Amino acid sequence: MTLRLRPAHSLRMGLALAAVLGATPLGAQQPPVPAPAPAPAQAPVPAEAPAPSAPGDTVVARVDGDTITLADLAAAARELPEELRGAPPNVLYPLLLDQLIAGRAVTAAARRAGLDRDEAVRARIRRAEEQELQQAWLTAEIATRVTDAAVRARYEQQTANRPAEEEVHARHILVPAEAEARAALAEVRGGADFAEVARRRSTGPGTREGGDLGFFRRGDMVPEFAEAAFALQPGQVSENPVRSPFGWHVIKVEARRPATPPAFEEVAQAIRQQLLEAEVQAAVERARNAAQVERFNLDGSTPRPTDSAEPPAPASRPGAPARR
């Protein structure tokens, strides 16, 4: 059983075991354990002398004879929330040690009560063990497949296969009624500055910037607006107001350019997640294909066909025509 830090403890102490890792044999900052001085040649070390323990094997407590080591403390540290990792080890060490001691004491009490032999408890333990094994196997399976190089290769493949796309830089005047849009369009057609009319009349995004929407791709806008904008060349204004779910637009295109793919850093995490999901699914399929699977109906005895198998044809009734 793993005991969790109570929120009051966490807030009051502001603790994390990460610092313990940097100040005890749990972590990299611990001074190396000096090797034992070699014995003189005249007095060889007896064969039965125990070898020195590794730092992580150092026993820091015993509960009913069950040892707690520095490695156990390190494992407990890794389970703490990230925001709790950064306090002095002289405070963290006794806190986590007390937590582990309490956990071992409760576990010992449960065993004395015979709960380790309770079938419902053992079933939950088996399920937890299965989940841990599944996670460990999947992690090992995909560790060499989802690498930084694989993510980079998928990015390059996606950008190389990306169809040619274009961006336009446009301004718009957005008003709620068609009559207002036509009045604004008449002003622009009469020679008024588009940006000035937008600042005065528009109610949409970019009003204070003269209706400037910057560069965008076709898929960034609602279809009605995108179709009208991408039909214009630089300097052109829409022939008629364009209606969208937001109102009526007068559109002017300032420039067009080829769209550049997103930078690798912008999409690397999303690509990594895609690869992880695909590799996990593939690993599960490999495991299923390697396993000998038998299916049964709910009675537990009659075989059940695979879910993809076609159901058996219904028995023919006497006098019924044969199905072709």
Side-chain angles (χ1 to χ4, degrees), residues 1-4 17-18 21 56 66 69 71-82 85 100 103-104 106-107 110-111 114-163 219 261-316 322-324:
M1 175 178 178
T2 300
L3 298 182
R4 300 293 180 186
L17 193 60
L21 301 179
D66 188 14
T69 67
D72 296 326
L73 282 175
R78 289 191 290 271
E79 294 181 2
L80 287 177
E82 186 176 354
R85 299 175 187 171
L100 289 180
R104 296 293 177 90
V106 172
T107 300
R111 288 199 172 100
L115 292 176
D116 56 331
R117 298 186 296 276
D118 181 275
E119 191 52 42
V121 174
R122 294 184 64 81
R124 292 198 296 271
I125 293 173
R126 286 193 296 270
R127 287 196 293 272
E129 181 184 31
E130 288 178 359
Q131 291 172 359
E132 289 296 327
L133 287 171
Q134 291 165 12
Q135 186 63 44
W137 184 80
L138 288 171
T139 299
E141 280 289 297
I142 67 177
T144 58
R145 299 173 184 269
V146 183
T147 62
D148 291 343
V151 174
R152 171 70 71 172
R154 175 60 64 88
Y155 168 78
E156 293 176 353
Q157 179 187 26
Q158 289 180 351
T159 54
N161 296 334
R162 185 185 298 271
F264 173 74
E265 292 74 14
E266 296 175 12
V267 296
Q269 189 56 42
I271 294 176
R272 186 180 298 276
Q273 186 62 35
Q274 293 170 4
L275 290 177
L276 282 171
E277 292 173 0
E279 290 296 341
V280 166
Q281 184 175 357
V284 171
E285 284 303 309
R286 289 195 298 272
R288 286 168 61 97
N289 293 336
Q292 183 177 353
V293 179
E294 297 177 86
R295 297 173 185 263
F296 301 93
N297 288 312
L298 294 178
D299 58 13
S301 59
T302 55
R304 176 181 176 84
T306 61
D307 293 336
S308 59
E310 294 184 3
S316 299
R323 299 180 66 182
R324 297 182 180 272

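What you see is a predicted model, and the numbers here were worked out from it, not measured in a lab. Side-chain atoms are counted along with the backbone in the values below, which use heavy atoms only and exclude waters and symmetry mates.
- In this structure, the separation between CZ on Arg272 and CG on Leu275 is 8.0 Å, given to the nearest 0.5 Å.
- Checking side-chain atoms of Asp72 against main-chain N and O of Thr69 turns up a donor-acceptor pair under 3.5 Å.
- Between Glu129 and Arg122 there is no salt bridge, since none of the side-chain N atoms of the basic residue sits less than 4.0 Å from a carboxylate O of the acidic one.
- Residue Val151 comes nearest to Ala268 through the heavy atom pair CG1-O, 3.7 Å, listed as atom of the first residue, atom of the second, then distance.
- A side-chain N or O of Glu277 and one of Gln273 form a donor-acceptor pair less than 3.5 Å apart.
- Between Thr147 atom OG1 and Arg145 atom CZ the span is 11.0 Å, to the nearest 0.5 Å.
- Side-chain atoms of Arg295 never come within 3.5 Å of backbone atoms of Pro303 as a donor-acceptor pair (strictly under, hydrogens ignored).
- Atom CD1 in Ile142 sits 5.0 Å away from atom CG in Leu276 (nearest 0.5 Å).
- Note that the CZ atom of Arg127 and the CD atom of Glu132 stand 14.0 Å from one another [nearest 0.5 Å].
- The line from CD of Gln274 to CZ of Arg154 is 7.0 Å long, rounded to the nearest 0.5 Å.
- Annotation for Leu298: atom CG does not count as buried by contact number, only 12 or fewer foreign heavy atoms lying within 6.0 Å.
- At least one side-chain heavy atom of Val284 sits less than 4.5 Å from a side-chain heavy atom of Leu138.
- For the pair Gln158/Val267, no side-chain contact is recorded, criterion being any heavy-atom separation below 4.5 Å from C-beta on.
- Around atom CD of Gln281, no more than 12 heavy atoms belonging to other residues, nucleotides or ligands sit under 6.0 Å away.
- When all heavy atoms of Asn297 and Arg304 are compared, the pair lying nearest together is OD1-NH1, 3.4 Å.
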Please assess Asp66 against Arg111 for the test salt bridge (Lys or Arg N to Asp or Glu O under 4.0 Å), listing each intermediate value before the final yes or no.
CA-CA 13 Å; Asp66 188 14; Arg111 288 199 172 100; 5.5 Å; no
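- Nearest approach of Trp137 to Ala283, heavy atoms of both residues: CH2-O, 3.4 Å.
- With rounding to the nearest 0.5 Å, the separation of CD in Glu265 from OH in Tyr155 is 8.0 Å.
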